Amino acid sequence: MPHLTLENVSLRYDGGAPVLSNVSLDIASGEFIVIVGRSGCGKTSLLNLAAGFLTPDSGRVLVDGRPVAGPGAERAVVFQNDALFPWLSTAENVAFAARLAGVAQAERRRQADRLLDIVGLAGLGDRPIWQLSGGQRQRVGLARALAADPAFLLMDEPLGALDAMTREGMQDLLLNAWHQSGAGTLLITHGVEEALYLATRIIVMAPAPGRIIRRLDVDFGRRRLAGESARSIKSSPTFVAAREDLLDSIFEREAA
Amino acid sequence: MPHLTLENVSLRYDGGAPVLSNVSLDIASGEFIVIVGRSGCGKTSLLNLAAGFLTPDSGRVLVDGRPVAGPGAERAVVFQNDALFPWLSTAENVAFAARLAGVAQAERRRQADRLLDIVGLAGLGDRPIWQLSGGQRQRVGLARALAADPAFLLMDEPLGALDAMTREGMQDLLLNAWHQSGAGTLLITHGVEEALYLATRIIVMAPAPGRIIRRLDVDFGRRRLAGESARSIKSSPTFVAAREDLLDSIFEREAA
Amino acid sequence: MSLDLAEASLAPSRAESEAARPPTPPRKRPVVAITAGLTLTALLLAWTIASHFRLVSALFLPSPFEVSRAFLTVAHEGFVDATLWQHLSASLGRVFAALVGATLIAVPVGFAIGSSRIGRGIFDPIIEFLRPIPPLAYLPLVIIWFGIGEPSKILIIGIAMLAPIVISTTSGVKGVDPDRLNAARSLGATRGQLLRHVVLPSALPSILTGIRIALGAGWSTLVAAELVAASRGLGFMIQSAAQFLVTDVVLMGILVIAAVAFALEAILRWIERRLVPWAGKA
Amino acid sequence: MSLDLAEASLAPSRAESEAARPPTPPRKRPVVAITAGLTLTALLLAWTIASHFRLVSALFLPSPFEVSRAFLTVAHEGFVDATLWQHLSASLGRVFAALVGATLIAVPVGFAIGSSRIGRGIFDPIIEFLRPIPPLAYLPLVIIWFGIGEPSKILIIGIAMLAPIVISTTSGVKGVDPDRLNAARSLGATRGQLLRHVVLPSALPSILTGIRIALGAGWSTLVAAELVAASRGLGFMIQSAAQFLVTDVVLMGILVIAAVAFALEAILRWIERRLVPWAGKA
Amino acid sequence: RADQTKLTIGYQTVVEPSKVPQADGVYEKAANATIDWKKFDSGADVIAAIASGAVDIGYVGSSPLAAAASRELPIETIFVVGLIGESEALVVRNGANINEPKDLVGKKIAVPFVSTTHYSLLAALKHWNIDPKTVEVLNLRPPEIAAAWERGDIDAAYVWDPALGKIKENGKVLTDSAQVATFGAPTFDAWIVRKEFADAHPDAVKAFVKVTGQSYADFRAKPDAWDAKSEQAAKIARLTGAKVEEVPALLKGYHFPLLEEQASNALLGGGTVKAVADASAFLKEQGKIPAVLPDYSGYVTTKFVTEAQASN
Ligand SMILES: Nc1ncnc2c1ncn2[C@@H]1O[C@H](COP(=O)(O)OP(=O)(O)OP(=O)(O)O)[C@@H](O)[C@H]1O
Ligand SMILES: Nc1ncnc2c1ncn2[C@@H]1O[C@H](COP(=O)(O)OP(=O)(O)OP(=O)(O)O)[C@@H](O)[C@H]1O
Ligand SMILES: NCCS(=O)(=O)O
Ligand SMILES: [Mg+2]
Ligand SMILES: [Mg+2]
């Protein structure tokens, strides 16, 4: 079973203060790990290390025990600002990896259509992506990441720019995509409810230097997959209590 | 007791579909009215009518029964993007109304310092406003609005751009400012919790055309002012239930 | 002067809302259009009257009628040994030759500056040094070095075009969304593929903008380049006409130059819209 | 060409985070600086060698030494009946006279276009018509109309400066945040107060940018304006030197023109920072 | 001395006797005027300056004069400098392989546009039956011609001194204006005045004519005294840029008419009007100007020469 492991990684940007200090984290297939923490505590830096966009100053990043040297197709990334390619059609965006690999146009199109179907965008393959709504674009970004059939899915606030209602719909889509692909998933969010609703495990980070201060296993997402309504989950007392608890960890609130 | 009244107002922008249709609303001193509703349902348009920035196609906007013709100093406005004047110091921003009225520099400064003290920015009067954080800038915007000692305070998503923690602090500041000034307050927000926490009455709007679909009296804010902790209010079952209820109205969610 | 406050306060205050809204409300247009129409009519009328009643001598201000006649005459019979069309194509030929040359040099240089530290080290100081010098200041030097022939004229125009294209290309390359680069890398792109599949298309809108600006700069410089030792070209034509005091041809030439500048700009904008329809949208 | 991907992917992807972060990481600078230094040294060396060993005739490429000597000679003894300082002040005088004139006309016109529909109707078509015409195209007409004296030169330079200032002012006035206007209105501002207390300061950064662009455009045009019937000025100096094939003075003149252009730009940027420190920040 | 007339005179670098009183400040005294002397490279520039009112009295060749008159520029010819002879010549570069006129086809020939040499070149080409469109006629001012010649950019040039002297160093004369005159296209130089100025300050113009006439008389009286070592030659060389040792020869390039000859039938009294009309007709034929006038007599006046002579 694939494992993506960060082993005691530390990081500082050129000449600056340490941004991450001795962080260890393991992501296995089937897990949905959500990182929360205040702005600037190093969440994005951590994800960029895992993705291979950054190299740690000390510590190691391993996939199945082997150190990684840069990004790799087994670790697909979904970006907050979708990072789609506006010069390509929706379908060509989804099939971008295939394009790089030199797969023929027709085959690329077949692949793209299958994935667009999965994310609920069947029939929009020929649209220029700048004619899609924010929520649709995030789906395309997800489809593009899933296209490579990755072992891991790394997502940095993928729903951050969406409005409340679209966001709720996308949460269920993420749950389903994770469930069906089985990819080990790492997601960053500012939404405490979102974290509770999606995660199998929540990682709370604290700033200066960025470090993990809490790990919390939850299972609301599995309850949702089992058929319970989002509304009943989110208003259940356990959920509300977990939410307050988590907010306390993040903001280290003094009980007022 | 001052009343700001919208009487059956309707509005359409040049040649477009109706944006507001037959909306009536009354704001009295001591009230804290919060408008929620999906993006584009006409909240900002409604506030702009109340402020006098727009004129309704039909219906009337009245202050104490007299129709208004444009903006007036008795209806102060706080903007989402603060709308401060970067070429003026913090103190001069706060005292802008006095500057327009030709009040002398020293007297302006005295006024500004008093208000900066109220919003918790004592000593920052000489700062250029572009050296303030987003939260501080919103406080300056609030101080500028309060400087005119307005009968009404109109705020369009004043906390929308702030991060979660700063936002919580500002909510309490708004509650206090409202309580102390006694101004009839109208606030627009996308945050359902924020609405519940601050309002004496919540107005739910629906789009196409913009109209009021629900009015809901609440009193969590008064509980906060009475000394109860934010945490205990927000995790109380009545609050959680009201929240779900409100979300249902806004998104007309089918119970899943 | 009245401040259109109503208009100002209706403008959406946030960028996102822009897309969802209809374009500028049409009800306000007429005022502008009518005033504009009146202004132009008034100007044309003043011109006609002043020249018709010889308030100003024809030497200084030929009438609109004389200017149009000059257009027809020069179009058919020519002036200083070439027809209008020959002058125009000489000028256009120079500008386009310069454009091709400048683009071939400036785009790779812009890529080098924008995408590599070594490239920046080599080319940035050169460009930063050349940039502020008005291309016309080179004119005498270029004439000493390369003579008064076509190459000199094309070179001068090309020099004027270089900086805008390099600078736009550089900013396009530097402005490539790092997320897009990262996205492509995590989808398996090699360095070459990044350049070809991400950097180039990302920078294309900037490059085209640079070319548009460069064409404008080149067209300006052209007129000056033709002041020296040309035997054809619009700049040469109006200069010769001025020396023979044929003011109607001078005015006609200025109008043609304006029209061409206008057309070039419009064509480039059209190309931009066609080639990079997404520019500014995503 | 190597793509500095590490660098690219570190760049913050969201605008807000920009402010909180330190400027560009210093560790990368040396590469650029060293390469830049090497490049400049290499160029200077090549120049010295080529001219010293007379690989190229001095007529075409005087040595750096000869160019500096030309600088000293012209500074002290002068060239074509005026010292370097006199040429320089003649040129600067023209440009500043034009700048003052252009600003006095263009700023009010920009205000009119940006803040009133009538103003837009009247001036917009005129500016849009004049804008694309290279100022040099007017040169012959201006000479016929106003002669070959100083007024013509200043006029030509001023015309080149007009459009940039009008356009920047217009966009500054149009770009006033409607929320700021509304804020001032709800604090009791009259129309006059809006113009003075909100529109003018809001547009100031744009106006200054326009003036900076205009100075550059004017400096370019100056050289051309002095190609015709001047008896003093840097453009006249290099043109005369070129006619006598005094290449060292030509090169020296180009360097002086570059230095002045550079200095003007730097001064204007300094003024911008002083006068509108908030520009781009809020 | 605010009562003094202000007079701007545009002169060219042609070697002729009036440079001596110019150098000596005689004009200023005679006209009781402050005079601003402006040097021009060719007649076209002088005409432009006169047209815009920047210059009051100017030195131009017959061709710019004809062009200006045909455009109804308000000017009057007040003094004829003389027929142009060898002082303007078409020089072909050594090594350009031009041995006879028909070799000019396809070559680059530089002239200052509108000038007498432009006119003479067109006339010569016509005489040789060469279509002007088959040669490349470039518009360069005399100093630019000298520089372009040195660089080897042009194959031939029709120009006057001092540029002419420079290019002759490595070129040979194919024809000159004395010969072109025999083709039926004589050229001459003349002083002209802005009509408005002449009406306002007739005395200043008269004084100008008188001093000019006197200098011509001085030269005609003792041409050999103006040798290379004379102070006259030195003054002329300084104002024109010609080499002092060449001045005596250059002075022979013209036939300078005396004041008393000016009003004769051959010159201002009739011949000049006809010459201007002929030149205009030729320029029209060549497509350089759009129309000719029925009558050019309004552009020539004997008034000033007559009065000047009378006051002697
Ligand atoms: N390229 C960079 N150069 C220098 N410092 C950086 C860079 N990127 C991030 N930092 C700093 O590192 C720290 C962590 O940044 P990071 O983006 O990882 O935080 P984050 O938790 O993702 O924040 P947010 O919630 O705002 O996205 C911050 O203090 C930030 O200022
Ligand atoms: N200036 C305008 N011109 C034309 N249409 C406009 C204008 N301003 C708003 N609208 C339209 O009117 C409707 C209501 O807009 P309004 O800004 O009042 O909504 P809102 O509820 O404030 O939305 P949001 O929550 O996104 O701020 C929208 O459909 C919008 O597109
Ligand atoms: N020989 C005089 C020259 S020009 O005045 O004709 O240009
Ligand atoms: Mg982040
Ligand atoms: Mg709104």
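Computed from a prediction, not measured in an experiment: that's the story for all the values here. Residue numbers start from 1 in every chain, and the chains themselves are labelled A, B, ... in the order their sequence lines are given, proteins ahead of strands.
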Inset, instruction - With chain D as the partner chain, list the residues of residues 255-263 of chain C whose heavy atoms fall under 4.5 Å from it, by residue number, and write 'none' if nothing qualifies. - result: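 Expected list: C/Leu255, C/Ile257, C/Ala258, C/Ala261, C/Phe262.
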
With only heavy atoms counted, which part of [X] is less than 4.5 Å from chain D, the side chain, the backbone, both or neither?
X        : value
C/Leu222 : neither
C/Ile144 : both
C/Leu139 : side chain
C/Thr39  : side chain
C/Leu234 : neither

Legend entry - Point-to-point distance, once rounded to the nearest 0.5 Å, from CZ of C/Arg117 to CD1 of D/Ile34: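 Between atom CZ of C/Arg117 and atom CD1 of D/Ile34 there are 11.5 Å.
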
Legend entry - Gap between atom OH of C/Tyr138 and atom CD1 of D/Ile238 - 0.5 Å precision: 10.5 Å

Heavy-atom pairs under 4.5 Å with chain D: which of [options] has the most?
options                               : value
C/Ile122, C/Val250, C/Ile133          : C/Ile122
C/Ala42, C/Gly253, C/Pro134, C/Ala217 : C/Pro134
C/Ala242, C/Gly37, C/Ala36            : C/Ala36
C/Leu141, C/Leu264, C/Leu245, C/Leu40 : C/Leu141

Legend entry - Exam field: side chain D/Trp145 to backbone C/Phe60, donor-acceptor pair closer than 3.5 Å: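 Indeed, once roles are kept as given, a pair shorter than 3.5 Å links the two residues.
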
Legend entry - Sub-4.5 Å side-chain heavy-atom contact between D/Leu43 and C/Ile126: yes

